[in-house]
Each structure stands twice: as structure tokens, then as C-alpha cells.
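See structure below.
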There are 2 protein chains.
Amino acid sequence: MAKLMTEMLKGTLEGIVLAILTEKPAYGYEITARLRDEGFTEIAEGTIYALLVRIEQKGLVDIEKRPSEKGPPRKVFTLNASGHTYLEEFWTAWTFLSGRLNHLRND
Amino acid sequence: MAKLMTEMLKGTLEGIVLAILTEKPAYGYEITARLRDEGFTEIAEGTIYALLVRIEQKGLVDIEKRPSEKGPPRKVFTLNASGHTYLEEFWTAWTFLSGRLNHLRND
DNA sequence: ACTAGTACATAGTAACGTTAAGTACCGAAT
DNA sequence: ATTCGGTACTTAACGTTACTATGTACTAGT
């Protein structure tokens with residue numbers, strides 16, 4: 001099932017991370033931990049950092065560097081206006097897809 | 001939203017087509033029509049044919065050629081045992097992902 | 001002949017998530 | 001003093017997916 005989840009996450013993992021950022025700003029390492037709490041136990045750190053680069057390049061987040069007492073400086077991501085719009089569209093698409101799939105399932 | 005749907009479909013379109021095949025065997029052109037009926041109006045024919053090649057190579061379907069009165073011979077796809085197993089795992093993964101996302105949404 | 005509908009095929013592309021390896025900073029244990 | 005584990009970020013190479021664009025081919029109607 002791991003392989004299936006991998007492919008299924010394509011296009012949704014981004015929305016998942018953005019959704020996490022709506023709660024409060026967070027940095028990469030924190031986000032990976034948050035994902036594990038949410039049940040996504042098999043997502044590697046590298047996956048998240050690569051994804052964060054992408055959403056940064058798309059201009060969906062603002063970035064601020066803050067020192068850490070326990071390690072290297074943190075890169076804190078905050079969802080900006082563009083990111084909120086994007087997330088809304090993500091939920092719209094998700095609602096549509098979810099509806100279609102549940103309809104297909106009931107046969 | 002079109003771009004978002006495109007990315008979101010990755011990993012799920014395959015399951016959608018397999019789900020359609022559980023109802024009854026079907027050929028490519030028929031499946032694209034069925035998808036339009038299901039609300040997926042923006043999926044091109046080429047996309048489906050390429051996908052059908054993949055699920056064939058994965059051994060999830062059996063294939064039979066039948067003549068058509070209205071055009072070239074049809075290639076009818078039937079979900080086999082391996083395909084049914086695969087689809088079950090797909091639904092399992094989907095249920096998990098769906099649950100996680102809905103949980104994230106309620107904040 | 002021409003068109004429209006039916007039916008399938010495929011090379012090239014962009015985007016995504018994964019893998020694997022690396023850097024760097026800190027505190028505590030050995 | 002050094003090793004070890006936890007914290008924190010980076011990136012190149014890779015496999016898979018869906019999309020685009022284009023092509024072939026068969027039939028019936030005009």
C-alpha cells in the first residue's frame with residue numbers, strides 16, 4: 001500500500017502542508033513532526049523540505065529566519081494571501097474529487 | 001483549478017478507471033465517455049489510453065478484441081483478480097487519505 | 001470526395017514525491 | 001575530548017503520473 005499512497009499523495013501533500021500552516025506558522029522540522037502526528041508516518045524529511053522549496057517558489061508563503069537553542073536556525077513559513085487563495089482552490093478541487101470518488105464507490 | 005485537479009488526479013485516476021471497470025468490462029472510448037458522465041469533463045482521450053496501457057502492463061486487466069460496427073475494433077478491458085485486489089488496496093489508501101484530510105479541514 | 005463520429009496509439013513534457021546523501025549546530029554521555 | 005543522538009536544513013538524481021499534440025484507421029451519411 002505504500003506505493004499506492006505515494007502516488008496518491010501527489011498533488012495532495014502540498015495542500016496538506018498548506019493546511020497545517022493555516023493553524024500557525026511553522027518550520028520544516030516542525031511540519032514533519034506535525035505530519036507524523038496526523039498519521040503520515042512514512043513521509044521523509046527530505047520530501048517535506050523539497051516541497052517547501054516549491055511552495056516558496058510559487059510565492060504561497062512568507063519566510064522568516066529565527067535562531068534555535070537546540071540546533072541550526074529555523075526557517076519559519078507563514079501562509080500568505082496567495083497561499084490562502086491557493087488552499088481554498090485546493091479544498092474546492094478536493095471536495096469535487098472526493099464527491100466523485102465516493103459516488104463511484106457506492107456501486 | 002484545472003492545474004490543481006491535474007496534480008490531484010495523479011494516483012487516483014487509475015483507481016477511478018478501475019472502479020469504473022468493476023461495473024462491467026469496457027473499452028477505452030467507452031471509458032472516456034463514462035468519465036465525462038461522472039463529471040470528469042476535462043480528461044482527454046489520450047490520457048485514458050496511456051493509462052490503459054499502464055494497467056495492462058501491471059496485469060490488472062484482461063483484454064479481448066471485439067469488432068465494432070461503427071469504427072475500428074474495440075479493445076475491451078476486464079478487471080481480473082489482481083485488479084480487484086489492487087482496487088481494494090486503492091480504496092483502503094483512499095479512505096485513509098480522505099480521513100486525514102477531512103480531519104485537517106476541520107480547524 | 002468530404003465530413004463527423006468512432007476507436008486506438010504514442011512521443012515529448014511538466015510536476016510531483018522519493019531516495020540518498022550531505023552539511024551544521026547543540027547538549028549530554030562515554 | 002570525543003562520540004553520539006537529536007535538531008534543522010539542502011539538493012541532485014530518479015520513477016511515476018497526467019497532459020499535450022499529433023497521428024492512424026474504420027464506418028456511415030451527405
Side-chain angles (χ1 to χ4, degrees), chain A residues 1-18 25-36 40-58 60-61 63-77 86 90 93 97, chain B residues 1-18 25-36 40-58 60-61 63-77 86 90 93 97:
Chain A
M1 200 194 82
K3 171 78 185 318
L4 257 167
M5 268 302 301
T6 292
E7 295 306 327
M8 202 177 279
L9 276 175
K10 284 185 184 175
T12 65
L13 185 55
E14 200 172 288
I16 289 167
V17 169
L18 293 180
Y27 54 98
Y29 195 78
E30 192 182 8
I31 293 170
T32 63
R34 187 82 174 71
L35 280 171
R36 289 188 214 295
F40 299 99
T41 57
E42 293 178 13
I43 296 177
E45 267 188 274
T47 300
I48 301 307
Y49 286 110
L51 186 152
L52 291 172
V53 168
R54 288 203 301 272
I55 67 175
E56 177 185 352
Q57 281 168 352
K58 288 183 185 173
L60 305 178
V61 287
I63 294 176
E64 186 191 354
K65 275 213 171 174
R66 287 186 208 165
S68 165
E69 304 111 22
K70 298 181 183 174
R74 296 164 175 168
K75 213 170 151 186
V76 178
F77 295 81
Y86 188 91
F90 171 82
L97 185 59
Chain B
M1 201 193 78
K3 171 77 184 317
L4 257 166
M5 267 304 300
T6 292
E7 295 306 328
M8 202 175 280
L9 276 175
K10 284 184 183 173
T12 65
L13 185 55
E14 200 172 291
I16 290 167
V17 169
L18 294 179
Y27 53 97
Y29 195 78
E30 191 181 8
I31 292 170
T32 63
R34 187 80 176 73
L35 281 171
R36 289 189 214 295
F40 299 100
T41 57
E42 293 178 13
I43 297 177
E45 267 189 274
T47 300
I48 300 307
Y49 286 112
L51 186 152
L52 290 172
V53 169
R54 288 204 301 273
I55 66 175
E56 177 185 353
Q57 282 168 351
K58 288 183 185 173
L60 306 178
V61 287
I63 294 176
E64 186 191 354
K65 274 214 173 175
R66 288 186 207 165
S68 165
E69 305 112 21
K70 297 181 183 174
R74 296 164 175 166
K75 212 170 150 185
V76 178
F77 295 81
Y86 189 90
F90 171 82
L97 185 59

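Sequence lines set the chain letters: A, B, ... in the order given, protein chains first and strands last, and positions in each chain run from 1. What you see is a predicted model; the values in this text were computed from it and never measured.
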The residue, A:Gly46 or A:Leu9, whose nearest nucleotide of DNA chain C is more 5′ is A:Leu9

A:Leu51 atom CG is separated from D:dT10 atom C1', nearest whole Å, by 14 Å

Distance below 4.0 Å between B:Arg54 side-chain N/O and D:dT17 OP1 or OP2: yes

From CZ of B:Phe40 across to P of D:dA18 the rounded distance in Å is 12 Å

Between B:Ser68 and B:Thr6, whichever has its closest DNA chain D nucleotide further toward 5' is B:Thr6

Taking donor-acceptor contacts at under 3.5 Å, does the side chain of A:Lys10 reach the base of D:dT16? yes

Closest non-hydrogen atoms of A:Pro25 and A:Val76, given as atom of the first, atom of the second and distance, are CB-CG1, 3.8 Å

Of C:dG17, C:dC25, D:dC19, the nucleotide closest to the side chain of A:Leu13 is C:dG17

A:Leu4 atom CG is separated from C:dG17 atom P, nearest whole Å, by 16 Å

Inset, instruction - For B:Glu45, answer base if it contacts any base atom (sugar-phosphate contacts may also be present), sugar-phosphate if it contacts only those atoms, and nothing otherwise; contact means non-hydrogen atoms under 4.0 Å. - result: base

Rounded to whole Å, OH of B:Tyr27 lies from P of C:dC8 at a distance of 7 Å

When rounded to whole Å, the CZ to C1' distance for the pair A:Phe77 and D:dC9 reads 9 Å

(request) Look at the side-chain N and O atoms of A:Lys3 and state whether any lies under 4.0 Å from the OP1 or OP2 oxygen of C:dT19. (result) no

Classify the nucleic acid contact of A:Gly28 as base, sugar-phosphate or nothing, counting any heavy atom under 4.0 Å across all strands shown. sugar-phosphate

To the nearest angstrom, the CD1-C1' distance between A:Ile48 and C:dC16 comes to 12 Å

Taken to the nearest whole Å, CG/A:Leu52 to C1'/C:dA15 is 17 Å

Within the 4.0 Å heavy-atom criterion, would you say A:Glu69 contacts the bases, only the backbone, or no part of the nucleic acid? sugar-phosphate

Of the candidates C:dT18, D:dC19, D:dT17, the side chain of A:Thr47 sits closest to C:dT18

What nucleic acid atoms does A:Gly11 come within less than 4.0 Å of, heavy atoms only: base, sugar-phosphate, or nothing?
sugar-phosphate

Taken to the nearest 0.5 Å, the spacing of B:Thr12 OG1 from B:Leu18 CG works out to 11.5 Å

Have a look at B:Lys75 and say if it touches a base, only the backbone sugar-phosphate, or nothing, with a 4.0 Å heavy-atom cut-off.
-> sugar-phosphate

5'-most contact on DNA chain D (nearest-nucleotide basis), A:Glu7 vs A:Lys65, goes to A:Lys65

Side chain to side chain contact (heavy atoms under 4.5 Å, CB included) assessment of A:Leu13 paired with B:Leu97
CA-CA 10 Å; A:Leu13 185 55; B:Leu97 185 59; over 6 Å; no

To the nearest angstrom, the CD-P distance between B:Glu42 and D:dT20 comes to 9 Å

May I ask you to verify if any side-chain N or O of B:Tyr29 is less than 4.0 angstrom from the OP1 or OP2 atom of C:dC8? no

